[in-house]
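For the numbers below, each heavy atom of this structure counts, side chains included, while hydrogens, waters and symmetry mates do not.
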Amino acid sequence: MDALKSMLSPLGVGSANAIQDTLKLVVIGGTVETARRASAGAWHTFLDSFFLTAHFSQEDYPYDWLMHWLSKQPAWGRSREFEITTRTVGRNGLTQSTTGDLDEEDDDEDEDEDALVHGRRKRKVAFMPSIDTTHTIYYRGHWLRITRTKRYPDYGHGSALKISVIARNNDILKKLVLEAKREYEKDAEHRVHIFMADTTYGCWRWNGARQKRPMSSIVLQPGVKDMLLADCKDFLCSEDWYAERGIPFRRGYLLHGVPGSGKTSLIHSLAGELGLDIYVVSLSSKGMSDNTLTTLMGHVPSRCILLLEDLDAAFTRSVSRDASSTGAPTASNPSSTTNETNDGSTLSLSGLLNSLDGVAAAEGRLLFATTNHIERLDPALSRPGRMDVWVNFTHATKWQAEGIFKCFFPSKPPGGAATASPSEELPQNVDASQKNLPVPKRKAPSHTIPVLDETEISELAKRFADAIPENELSVAALQGYLLKNKVRPRECVDEVAQWVVEERETREKLKKEKAEREAKEKKEAEEKERKEKEELAGKEQEEKEAKEKLERKERAKTKKAHRAEAAMKLEGASSSTTSLTATEPVIPVIVMSAGESSSSESDSSNGGIEADTEESITSEEEPDKAADGTGSGDPAVKDSNHSKEKWVAVKADL
């Protein structure tokens, strides 16, 4: 400091004091800032040592549990920073209304929440805590710090949830997750979650939650429904039995039959009754390959229903497992092969079989496959071990028609009212599975369904079944007819005979139109094939003519080159003879046979240069003969003229 003062003394005492004060402030400020940062770092390190942090990804179930639980917390809806949205349901298919949602004040308290406005539900304004912002919620004596983020901001999906809490162990987080799970399962008890295969990324995507369908709404032949349900329950409880005998813990069901007979509806109902999710894979979707299907099958959960719809339509490219098969699609012509291999799906039958029961195949799942044409399936695909239980679905029988009618028009209890709303009264002929379903909370509709006595319903159902022909109409057709007459049970029975006649006429008309369309398409295909053949023949003829023309030109060029070479040799000989005897002209004579003359004349018609040359040669021949006196008077020449024609070219250097 003394040295600094001695250096600054010439500048003046006042300036030296100012600089000293500045340096003191800089040193003090730096020391304070360093201490602040060190203390802040130490404090955060101290706090982090007590914080427990849990991360939840949107691709897994706990994320749905926590989001559903948070939507019910008052503090979550009263966030200081939020985003406004009009969403009605969350990703899990459940309503996620928070305490901060905006409702219209002039609405009546008794007004239906699901009321329709111009054919659609009223939109509600929801307040959702914003992303990348930390929110604090008090839970069981602990403050939870919750942050919602986007894992892939550029793509707009892939949310994540982070929850931090100050605690000595993770018991509080365990309690939070279990409570959220219980509330979620309680609210989702009456829904079936459906997942679809994503061939682009080789993963499963949540596709929605559907209301469970009661087993009583499925009308099959007696004993079929109960057999399937009992077999599924027995399989789910037999994991140890399978393991003891070394059998893969898998079960397959093949549902085959006519379209519209209730195959998919039965699977939906079984999933709701068993409490399982449905994983749907379309084998003919774009991008499906052996590796993609193997990856998807490996990621299937252990307890679920795996659905392969329209199994016969997955191999429309004639893939078989015969001894002569190569495992590749076969086609009648190259153009069809190109179209088939470019359809986006490269799945083979061998790849499907390996993914179903290969080493990497998932266990513990119920495999359901549906098909309308079982005869098109390869025996290796439908054998026991892959498809253990076969169920044949036919057109509606009289027994099914009677059961469907009773399902649509339930009977009233003894001493009940004449009419009732569906939400006010539960029919008697309903099984236990249907009683577990939630009763919709909505106001009575403008029309009411008449609830008749059990005796009258049975009589009407019998009359309805008698009017339905056996194994002729599909279950879907009967259901469509009953839907159109859902409030007219008596009129429905009276008009069913006329409806059957109309259905037959419609089917005959459609069949006739289909036959005409197929005949027209066949005729157009034949006409198109004939035109293509004619065009191909014309092109071949044109190519042949062009080739012949080209060959003639080549021959003409070759002959012209030979003549030019001969003329050059002739000129060289003439010049050498002239140099030896300058006074005596040399007359070279080119003798050609009559055949060569005729060929040269024919060649002259193809090229103008050859014709001009020949004319000049013949014009010079006659005067030379007269001048030399070698005319027809010479006997030797006359004799040679009878057999040959002489062409003489005279070139003399004067």
Side-chain angles (χ1 to χ4, degrees), residues 213-225 255-266 269 372-373 391-414 416-422 425 427-431 434 445-518:
R213 181 166 183 171
M215 292 291 291
S216 61
S217 64
I218 307 298
V219 182
L220 300 177
Q221 293 298 324
V224 174
K225 184 171 57 176
L255 311 183
H256 62 93
V258 297
S261 54
K263 297 184 287 293
T264 306
S265 300
L266 174 62
S269 180
N372 296 331
H373 304 279
V391 181
N392 184 20
F393 287 75
T394 61
H395 286 302
T397 62
K398 293 183 179 296
W399 187 87
Q400 283 181 295
E402 184 176 353
I404 294 174
F405 186 89
K406 291 181 179 180
C407 180
F408 267 80
F409 303 103
S411 60
K412 67 179 180 180
T419 60
S421 172
E425 183 177 348
Q428 283 188 339
N429 56 346
V430 175
D431 60 4
Q434 190 169 0
S446 58
H447 60 274
T448 55
I449 301 177
V451 181
L452 307 179
D453 295 333
E454 184 177 357
T455 305
E456 185 177 2
I457 286 293
S458 300
E459 181 182 355
L460 291 176
K462 190 174 184 309
R463 288 175 52 194
F464 179 80
D466 293 338
I468 299 298
E470 188 80 13
N471 290 328
E472 183 176 340
L473 299 174
S474 65
V475 176
L478 294 182
Q479 182 175 339
Y481 174 73
L482 293 175
L483 281 174
K484 292 189 297 184
N485 300 274
K486 60 183 179 181
V487 295
R488 305 168 63 242
R490 298 183 181 91
E491 294 82 352
C492 173
V493 176
D494 296 336
E495 299 172 0
V496 64
Q498 180 63 26
W499 173 76
V500 171
V501 174
E502 294 176 354
E503 281 292 310
R504 289 175 176 173
E505 294 177 353
T506 302
R507 285 189 300 167
E508 290 296 330
K509 182 180 178 181
L510 294 176
K511 185 177 180 181
K512 183 178 179 181
E513 291 178 354
K514 181 180 179 181
E516 293 177 353
R517 184 172 62 256
E518 291 178 351

Are side-chain heavy atoms of [X] and [Y] found at a separation under 4.5 Å?
{"X": "Val475", "Y": "Phe393", "answer": "no"}
{"X": "Trp499", "Y": "Leu473", "answer": "yes"}
{"X": "Glu495", "Y": "Tyr481", "answer": "yes"}

Where do [X] and [Y] come nearest, in terms of heavy atoms and distance?
{"X": "Gln400", "Y": "Ala396", "value": "OE1-CA, 3.5 Å"}
{"X": "Ile457", "Y": "Phe405", "value": "O-CE2, 4.1 Å"}
{"X": "Cys492", "Y": "Asn485", "value": "CB-CB, 3.8 Å"}
{"X": "Leu460", "Y": "Val493", "value": "O-CG2, 3.7 Å"}
{"X": "Cys407", "Y": "Ser216", "value": "SG-O, 4.2 Å"}

Quiz item: Among all residues two or more places apart in sequence or in another chain, which pass the side chain to side chain contact (heavy atoms under 4.5 Å, CB included) test with Glu518?
Solution: Lys514

Quiz item: Considering residues at least two apart in sequence or located in another chain, which fulfil the side chain to side chain contact (heavy atoms under 4.5 Å, CB included) criterion with Lys512?
Solution: Glu516

Quiz prompt | salt bridge (charged side-chain N to carboxylate O under 4.0 Å, His left out) partners of Glu402, counting only residues at least two apart | solution = Lys406

Self-check item: Side-chain donor or acceptor of Ser458 paired with backbone N/O of Glu454 under 3.5 Å
Solution: yes

Gap separating the [atom1] atom of [X] from the [atom2] atom of [Y], nearest 0.5 angstrom:
{"X": "Glu508", "Y": "Glu505", "atom1": "CD", "atom2": "CD", "value": "9.5 Å"}
{"X": "Leu452", "Y": "Glu459", "atom1": "CG", "atom2": "CD", "value": "11.0 Å"}
{"X": "Phe408", "Y": "Leu483", "atom1": "CZ", "atom2": "CG", "value": "4.0 Å"}
{"X": "Arg517", "Y": "Leu510", "atom1": "CZ", "atom2": "CG", "value": "9.0 Å"}
{"X": "Ile218", "Y": "Leu266", "atom1": "CD1", "atom2": "CG", "value": "6.0 Å"}

Quiz item: What pairs with Ser474 under side chain to side chain donor-acceptor pair (under 3.5 Å), at least two apart in sequence or on another chain?
Solution: none

Exercise. Name all residues meeting the side chain to side chain donor-acceptor pair (under 3.5 Å) criterion together with Arg504; count only those two or more places apart in sequence or in a different chain, and write none if there are none.
Key: Glu472

Kindly list each side-chain donor-acceptor pair under 3.5 angstrom involving residues 462-470, sequence neighbours excluded, with atom names and distances?
from   : atom 1 : to     : atom 2 : distance (Å)
Arg463 : NH2    : Asp494 : OD1    : 2.9
Glu470 : OE1    : Lys398 : N      : 3.2

Quiz item: Checking side chain to side chain contact (heavy atoms under 4.5 Å, CB included) against His256, which of Val391, Asn392, Asn372 comes through?
Solution: Asn392

